[in-house]
Every structure is written in structure tokens, then in C-alpha cells.
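Since the structure comes first, as C-alpha cells, the remarks are kept for the end.
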Amino acid sequence: MTEEVRQAVLEVAAGTEALQRPNAAAGKPGENLLPENQAVISKRGSKRAFQWIIPLLLAGVVGLGLTLYYKHEQSVNREVMALQQQAKKEALAGRYSDAVQLLERAEEKRPRHAVLARDRELASKAARLQTQLDDVSKQLKSQKLGEGEKTLKEIADMIGKREEPLFAPLQKVLAADQVMLKVLRIKGELDKLSTVDALADKLDTVRGLSGQEAEAVKVQIINKITGLSYSSAEAKLRKKDFAGALAEVDNGLSYDTDNEKLTAYRKQIAQAKREFEKAEAKRIQLAQQKAAEEELNNRTAAVNVSNLKAVLDDYGDLSITGTITNGATRPIYSISVNMEIYSNSSGAYIGNVYTDVSPFRLNPGESGVFSTSYYGVYEQAQVQVTNASWYLE
């Protein structure tokens with residue numbers, strides 16, 4: 001019973017006691033003037049009145065107490081329901097710890113409420129799973145893929161098929177971590193892949209995944225495919241296999257249609273093809289020019305190399321660019337540059353790379369540029385031009 005009810009009962013009881021107390025003034029001289037029979041009748045009437053008044057007063061007090069108690073309980077119910085609804089919102093938003101605290105406050109007001117106990121138990125379980133998923137994210141970021149995969153499988157077995165809305169945020173995080181795991185495994189395999197077909201298979205796998213990391217790996221794979229296509233086209237162009245070089249470029253463009261480097265190189269190959277076909281018509285003259293070209297090549301007098309740069313990108317690949325200037329007195333064409341790569345830290349030899357200069361033909365004093373890539377360096381390196389070749393007109 002509430003304090004208000006108890007106070008009302010005490011007040012009524014005090015009034016009843018006052019009614020039942022004998023007349024304090026009875027027996028005073030001059031006041032008891034009624035005849036004896038009339039006094040008896042008056043006493044009987046008073047008793048009958050008390051017999052009706054007391055039950056009515058008690059009924060009123062009890063009714064008032066029940067009303068106050070009912071209103072109090074309704075107020076508690078509304079407060080508990082508000083806490084429960086707020087806890088539901090927090091849980092659906094993935095803030096499980098806050099939901100648990102709200103439900104604990106509700107249980108303090110309704111300790112034996114089965115629904116509250118069940119909701120708190122589910123929210124606590126979700127909070128524990130959320131902590132596990134946070135640990136998995138840390139494991140994946142630190143490349144502990146085996147441990148992360150094991151934990152993800154355990155969590156998937158527990159909530160993978162749960163239909164309660166409470167677990168929806170966890171299922172989203174679980175799906176994202178599963179994608180992250182696949183992406184990291186694929187990313188770790190990329191360095192071992194050196195053919196367009198192998199990379200294309202991985203690209204098909206990644207295309208079925210979503211998320212920022214998956215998109216980044218897609219870009220990385222496409223970059224490697226276009227880089228390999230460019231290198232293969234260069235190798236075939238050096239052998240004057242113009243059709244093969246164009247096919248390699250077109251294959252790369254099929255994965256990245258807007259690739260500016262491949263698009264420009266395709267034009268360069270087409271131009272080289274036209275120039276070569278013209279040059280074939282002058283085979284005798286070209287043979288004489290070839291001898292002159294070999295002599296100039298030994299002295300490296302016809303070309304000057306400048307602005308040679310080697311930049312290491314985020315994927316460990318080296319992007320090499322430079323400028324060639326025609327220092328001869330006659331136009332030169334079909335200019336090629338051979339370079340060697342050395343480690344900045346140890347000076348150790350890493351490898352060599354070969355590239356062509358654009359535009360295809362340079363007049364005396366004109367400059368052209370070259371750019372190429374060397375994959376899988378993973379450290380800062382320096383590049384040296386070891387040889388250059390060209391044809392004289």
C-alpha cells in the first residue's frame with residue numbers, strides 16, 4: 001500500500017475513534033435534561049448511525065487507496081514500457097550495451113517481469129557477439145586471417161539464421177567481415193599472379209563482393225591487368241608484331257575501357273604500323289640508315305634523357321617516366337629506351353625494363369616522353385638508362 005493510502009486510512013481511523021469516544025461533557029449539571037426513555041432511544045439511534053457510517057467510511061478509504069495504488073502502478077507500467085521501447089531502439093541501432101542498461105533499469109521497477117528478463121538476456125548476448133566481431137575486425141586488420149575466419153564461422157553458426165530484428169545489425173557486420181576476409185585472402189594472392197587470365201579469374205570472384213575494400217581490390221586487379229597488357233603489347237611491338245600488340249592492348253581495354261595509357265598506346269602502335277609499312281618500301285635505304293643508327297647508338301649522341309623519375313605506388317609497383325630529346329641533325333623515329341632498376345637502400349640490382357618513346361617521330365630539337373611500370377618492387381628504387389635506340393631518316 002502506498003504512503004497516500006496509509007495516510008488516508010489513519011485519518012479515517014482517527015475520526016472513527018473520535019465518534020466512538022463517550023461524550024466528554026456528559027454528566028455536567030443542567031445538560032442531561034431528557035427523560036430516561038428518550039435518552040435510551042437517542043443512544044440506540046446513534047448506534048445505528050455508527051453502524052452505517054463506519055463501513056461507508058472504510059469503503060471510501062479502501063476505494064481511495066485502490067485508486068491511488070492503481071494510478072501508481074499505471075505510472076510504473078508506463079515508465080517500464082518507455083524504457084523497454086527505448087531499449088528496443090538502441091538494440092535495433094546496434095547499441096546493445098545501452099539497451100542492456102535500460103532493460104536493467106526497467107527490471108529494477110518490475111523485477112519478476114519475464115519479457116524484460118528475456119529481452120535483457122538477448123541484448124546481453126548481442127553485446128557479447130558485438131565485442132567478438134570487434135575483435136575479429138582487429139584480427140583481420142593485423143592479417144590474422146586464420147583466427148578471424150574461425151571466430152566468424154562460430155558467430156555465423158549462432159546468428160546466421162536468426163530472424164529477430166535485434167540481430168540484424170550484427171548480421172550486417174558479420175557479412176561485411178566475411179567479405180573483408182575474402183578480399184584480404186584474394187589480395188594476398190595477387191603478388192603470385194603474373195598472367196591476365198589468372199588475374200581475370202580473381203576479378204570475377206571479387207565482382208561478386210561489395211564494400212570499399214572489395215572495390216579497392218577490383219581497382220588493383222584491373223590496374224595489374226592493364227599493366228600486363230601494356231607490357232605484353234610493348235614486347236610484341238618490339239618484334240614488329242603489330243597485330244599481336246593491338247590485341248594485347250584491346251584485351252586490357254576490355255577490362256578498363258577508359259584507360260588513357262592503353263588508349264594512347266593503341267594509337268602509337270597504329271602509327272608505328274603505318275610507319276613500318278612505309279619503311280619496308282625503302283628497305284635498302286633503311287639498311288644504310290641502320291648502320292648509321294648503330295654507330296650513333298654506341299655513342300648515344302642522338303638522344304638526351306631528362307626528367308627521369310621512378311615513383312612507388314601504394315601497391316608496391318614502380319611507375320617510371322622520362323623525357324627524350326632529339327639531339328641529332330636529322331629526324332629520328334621508333335625510339336626505344338632500356339633501363340635498369342636498383343634498390344635505394346642496398347644498391348642491389350632489381351631488374352630492367354624496356355619502353356618506347358612517344359611520339360613515334362622526333363624532329364631535331366623536339367622532345368618526346370616515355371612511361372612504363374615495373375611490378376612488385378615494394379621499396380624505393382632508382383632507375384638508370386643503359387641504352388637507347390632509334391632509326392634515322
Side-chain angles (χ1 to χ4, degrees), residues 194-196 223-253 256 259-276 279 293-294 296-298 300-313 315-328 331-344 349-362 366-377 380-392:
S194 58
T195 66
V196 172
N223 286 342
K224 285 189 175 293
I225 289 175
T226 56
L228 287 174
S229 298
Y230 188 94
S231 298
S232 298
E234 280 187 322
K236 292 186 177 181
L237 183 59
R238 286 196 298 271
K239 299 176 181 179
K240 307 304 177 185
D241 181 4
F242 300 105
L246 288 172
E248 292 291 346
V249 169
D250 289 341
N251 188 32
L253 287 172
D256 186 5
N259 190 285
E260 295 179 359
K261 185 176 180 180
L262 286 178
T263 302
Y265 196 54
R266 195 184 195 287
K267 294 179 181 178
Q268 186 175 336
I269 293 171
Q271 183 181 356
K273 182 175 181 293
R274 291 191 298 269
E275 294 290 343
F276 181 79
E293 182 270 336
E294 289 175 354
L296 289 174
N297 180 64
N298 291 335
T300 63
V303 296
N304 298 314
V305 181
S306 61
N307 298 325
L308 184 61
K309 296 179 182 179
V311 179
L312 188 68
D313 65 18
Y315 303 109
D317 302 325
L318 205 62
S319 178
I320 302 168
T321 58
T323 303
I324 288 288
T325 302
N326 181 5
I332 59 175
Y333 62 93
S334 190
I335 310 161
S336 301
V337 180
N338 192 30
M339 294 165 284
E340 292 183 350
I341 304 168
Y342 297 88
S343 170
N344 266 1
Y349 173 80
I350 295 176
N352 64 75
V353 65
Y354 180 96
T355 187
D356 295 318
V357 177
S358 178
F360 185 76
R361 181 179 179 277
L362 293 178
E366 286 186 345
S367 297
V369 295
F370 59 88
S371 68
T372 187
S373 299
Y374 192 91
Y375 300 99
V377 178
Q380 295 293 339
Q382 58 182 345
V383 178
Q384 297 178 2
V385 176
T386 58
N387 190 32
S389 62
W390 61 90
Y391 289 95
L392 288 169

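- No donor-acceptor pair under 3.5 Å is formed between the side chain of Asn223 and the backbone N or O of Thr226.
- Applying the side chain to side chain donor-acceptor pair (under 3.5 Å) criterion to Ser367, with sequence neighbours excluded, gives Thr325.
- Atoms CG and CD1, on Asp256 and Ile225 in that order, are 9.5 Å from each other to the nearest 0.5 Å.
- Of all heavy-atom pairs spanning Val383 and Leu308, the tightest one is O-CD2, 3.3 Å.
- Contact check on Lys236 versus Glu248 returns a salt bridge, with a Lys/Arg side-chain nitrogen under 4.0 Å from an Asp/Glu carboxylate oxygen.
- Residues Asp356 and Leu237 have side chains in contact (heavy-atom distance under 4.5 Å, counting atoms from C-beta outward).
- No donor-acceptor pair under 3.5 Å is formed between the side chain of Asn352 and the backbone N or O of Met339.
- Summarising the geometry, atom NZ belonging to Lys261 is positioned 6.0 Å from atom OG belonging to Ser319; distances are rounded to the nearest 0.5 Å.
- Across all non-hydrogen atoms, the minimal contact from Leu262 to Asn259 is N-OD1, 2.8 Å.
- When every heavy atom of Ile350 is checked against every heavy atom of Tyr342, the shortest pair comes out as CD1-C, 3.9 Å.
- Side chain of Gln382 to main chain of Ala310: no donor-acceptor pair is present (N/O by atom type, distance under 3.5 Å, no hydrogens or angles).
- Smallest separation of non-hydrogen atoms from Trp390 and Ile332: CD1-CG2, 3.4 Å.
- The neighbour count for Lys240 NZ, taken as heavy atoms of other residues, nucleotides or ligands under 6.0 Å away, is above 12.
- At least one side-chain heavy atom of Ile324 sits less than 4.5 Å from a side-chain heavy atom of Val305.
- For the residue pair Ala233 and Ile269, the shortest heavy atom distance occurs at CB-CD1, 4.3 Å.
- When each of Ile320, Leu318, Val337 is tested with Val353 by the rule side chain to side chain contact (heavy atoms under 4.5 Å, CB included), just one qualifies, namely Ile320.
- A donor-acceptor contact shorter than 3.5 Å links the side chain of Thr386 to the backbone of Asn338.
- To the nearest 0.5 Å, atoms OG (Ser334) and CZ (Arg361) are separated by 13.0 Å.
- One finds the OH atom of Tyr391 at 8.5 Å from the OG atom of Ser336 (value rounded to the nearest 0.5 Å).
- Side chains of Asn307 and Thr321 form no contact here, defined as non-hydrogen atoms less than 4.5 Å apart.
- Relative to the six-membered ring of Tyr315, Lys224 misses at least one condition, a distance below 6.0 Å or an angle of at most 45° to the axis.
- By the 4.5 Å heavy-atom criterion applied to side chains, Leu228 and Thr195 are not counted as neighbours.
- The two residues Ser371 and Tyr230 have their closest heavy-atom pair at O-OH, 3.5 Å.
- Considering only heavy atoms from C-beta on, Tyr354 stays 4.5 Å or farther from Glu234 through its side chain.
- Remark: Tyr374 pairs with no residue by the ring-ring contact (aromatic ring centres under 6.0 Å, His included) rule, at least two apart or across chains.
- To the nearest 0.5 Å, the span separating CD1 on Ile335 from OG1 on Thr355 amounts to 11.5 Å.
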